[in-house]
There are 2 protein chains.
Amino acid sequence: MKRIADSTVRRLSIYLRFLEEFEERGLATVSSEELARRGGTTSAQVRKDLSFFGSFGKRGLGYSVPELLTALREILGLGREWRVIIVGAGKIGAALAQYRGFRQRGFQIIAAYDTNPEKVGRPLEGVQVRDMAQLETDIARDRPDIAVLAIPSDNAQAVLDRVVKAGIKAVLNFAPAQLHAPADVTVKAVNMAMELEGLSFALTNRE
Amino acid sequence: MKRIADSTVRRLSIYLRFLEEFEERGLATVSSEELARRGGTTSAQVRKDLSFFGSFGKRGLGYSVPELLTALREILGLGREWRVIIVGAGKIGAALAQYRGFRQRGFQIIAAYDTNPEKVGRPLEGVQVRDMAQLETDIARDRPDIAVLAIPSDNAQAVLDRVVKAGIKAVLNFAPAQLHAPADVTVKAVNMAMELEGLSFALTNRE
DNA sequence: TCGCGCTTGTGAATTCGTTCACAAACTAGC
DNA sequence: GCTAGTTTGTGAACGAATTCACAAGCGCGA
Ligand SMILES: NC(=O)c1ccc[n+]([C@@H]2O[C@H](COP(=O)([O-])OP(=O)(O)OC[C@H]3O[C@@H](n4cnc5c(N)ncnc54)[C@H](O)[C@@H]3O)[C@@H](O)[C@H]2O)c1
Ligand SMILES: NC(=O)c1ccc[n+]([C@@H]2O[C@H](COP(=O)([O-])OP(=O)(O)OC[C@H]3O[C@@H](n4cnc5c(N)ncnc54)[C@H](O)[C@@H]3O)[C@@H](O)[C@H]2O)c1
């Protein structure tokens, strides 16, 4: 399949959110124009994004909301449950463990890991906190799909190496560190400090 | 000034982080090649990024670590303190309020706001939680530069409209909602659900 | 002081992503 | 069934971002 741009995938996520809203409101169809207006893009962009995956609309009519919803879920791989582990049972780890939005979309948090003996054993927002020493054997047994790193920067690369070696192919990193992984492993980062610096730049360099 | 691409600004943030590390380790100079290797990009990219803002290196030698550090801080607008308010004293709001990394880089959290009367008045991780009713008068008085939205999606657009009307020009949004603001207001989003969906897509569509 | 090796800074070439523009396909009304 | 009015799907045109490639500048050692 042709390589799909990152920006396209992110927009598909956005469209999906709108479609869920439209379905709730009982709308039967939606046009690329409407999706574009909401998503802050253009109708041509919406159609192009979808065209990479097939032909989902009806000319003269638009897209059937339930059909496009199903198609987008399929494309994004949300037709199944994903098993997620959280490494680092701190503030961010706790916020994520408690967050209902993830489970709603099929991301099931199966366990958290920490090095701190005080945290190990105690549940974190209903999620079991296990010792880092178990990480490899647990991964071999539970076969999680995704690892979320919510640990300090210093340890992030070392822990990434461990989960990759154990067979994990997708990682979401919250530490403000640039991590390196083999090409067959996808690493995404949520870097709040970087976003704030982007705001600082924008505030500073406005004409 | 020529418009600077978002991707360039994000990379400058990354370079800045490496330079801080190099300074700590006492390194005097660094080459574009070294910065590129760490940042997962190319040396030409590093030099091009910097060239938009001036000429900071010495041919044959590389960049002086302290000089480039100063230059990058200047470019990103980190030479001053930014005043930040957090709207929404929930899990995410609390994690941010407590996070030391922000203050370290000059982002000073001056207050948090919430609608929940149980939260108003009590400090949140050392930050005062105020009533949303005060928002506009407080903004007029305290003149914060940046508003962080850590509230449910449903209210995000309405609250954005309020802070924009009160004069805020930079917003960081954590709600999984597509927000619209006037052109002179910069809105950045941290959307964890979207990143997870990106991982789901990558896991699903690998050949 | 000269030459060599190294690294920057930057136009030019290329690649990648977005927008344009229009034929094709559909609905609805008559 | 025909026409008018929509909206899709997609090559082609465009624009933005990245990579190439090399002249110019600098340090060092002879
Ligand atoms: N809190 C925020 O608002 C915020 C914002 C931006 C970025 N971050 C980043 O997110 C990461 C986590 O932040 P936090 O606020 O949750 O920190 P935290 O200190 O609350 O939690 C970190 C947890 O990781 C555990 N840990 C440390 N080393 C570990 C290892 N090698 N293996 C397993 N567990 C380990 C610690 O015991 C602790 O429980 C950090 O990298 C931080 O820079 C946090
Ligand atoms: N917790 C997570 O891990 C996580 C992950 C991804 C996204 N998010 C998003 O971040 C946002 C905040 O999440 P959270 O987990 O902190 O939620 P939370 O429920 O813990 O906190 C939300 C807070 O906002 C307050 N609030 C509600 N409406 C308000 C309004 N109009 N004005 C001011 N305050 C208001 C509530 O009283 C509450 O204290 C949500 O949009 C959520 O979807 C959270």
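Residue numbers begin at 1 in each chain, while the letters A, B, ... track the order of the sequences. These values consider heavy atoms only, across backbone and side chains, with no hydrogens, waters or symmetry-generated copies.
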Do any N or O atoms of the protein come closer than 3.5 Å to N or O atoms of nucleotides 14-18 of chain C, and which pairs are they?
| residue | atom | partner | partner atom | Å |
| --- | --- | --- | --- | --- |
| C:dT18 | OP1 | A:R11 | NH1 | 3.0 |
| C:dT18 | OP2 | A:R11 | NH2 | 3.0 |
| C:dT18 | O5' | A:Q45 | OE1 | 3.3 |

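- In the displayed structure, B:K91 atom NZ is contacted under 6.0 Å by more than 12 heavy atoms of other residues, nucleotides or ligands.
- In the model, A:R47 has a side-chain atom that pairs as donor or acceptor with a side-chain atom of A:S43 under 3.5 Å.
- Applying the side-chain contact (heavy atoms from CB on, under 4.5 Å) test to B:D161 and every residue at least two apart in sequence or in another chain returns B:Q157.
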For this session: Please assess B:V46 against B:E33 for the test side chain to side chain contact (heavy atoms under 4.5 Å, CB included), listing each intermediate value before the final yes or no.
Result: CA-CA 8 Å; B:V46 173; B:E33 188 56 45; over 6 Å; no
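- As a whole-Å value, the separation of A:R47 CZ from C:dA21 P is 13 Å.
- The side chain to side chain donor-acceptor pair (under 3.5 Å) analysis of residues 98-111 of chain B, with sequence neighbours excluded, yields the pairs A:E197-B:R105, B:E20-B:R105.
- In this structure, B:E67 places its CD atom 14 Å from P of C:dT8, rounding to the nearest Å.
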For this session: In sequence, state the C-alpha distance, the side-chain angles, and the governing distance for A:L69 and A:Y15, and then conclude on side chain to side chain contact (heavy atoms under 4.5 Å, CB included).
Result: CA-CA 9 Å; A:L69 204 43; A:Y15 306 152; over 6 Å; no
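- B:F53 has its CZ atom 13 Å from the P atom of C:dT10, to the nearest Å.
- Separation of atoms CD1 (B:I92) and CE (A:M192) is listed at 6.0 Å; rounding is to 0.5 Å.
- Straight-line distance from the CZ atom of A:F56 to the P atom of C:dC26: 16 Å, rounded to whole Å.
- Take B:S200 and apply the side-chain contact (heavy atoms from CB on, under 4.5 Å) test, not counting sequence neighbours, and it matches A:L78, A:W82, A:F107, B:T204.
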Could you go through nucleotides 26-30 of chain D and list every protein N or O atom that sits under 3.5 Å from one of its N or O atoms, giving the distance for each pair?
| residue | atom | partner | partner atom | Å |
| --- | --- | --- | --- | --- |
| D:dC26 | O4' | B:R59 | O | 3.2 |

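- Contacts between residues 15-41 of chain B and DNA chain C, defined by a heavy-atom separation under 4.0 Å, are made by B:S31, B:S32.
- Summarising the geometry, the separation between CG on B:L68 and C1' on C:dT7 is reported as 14 Å, rounded to the nearest angstrom.
- Using modelled atom types, one finds a donor on one side chain and an acceptor on the other under 3.5 Å when comparing A:D49 with A:Q45.
- The CG atom of A:N155 lies 8.5 Å from the CE atom of A:M132; values are rounded to the nearest 0.5 Å.
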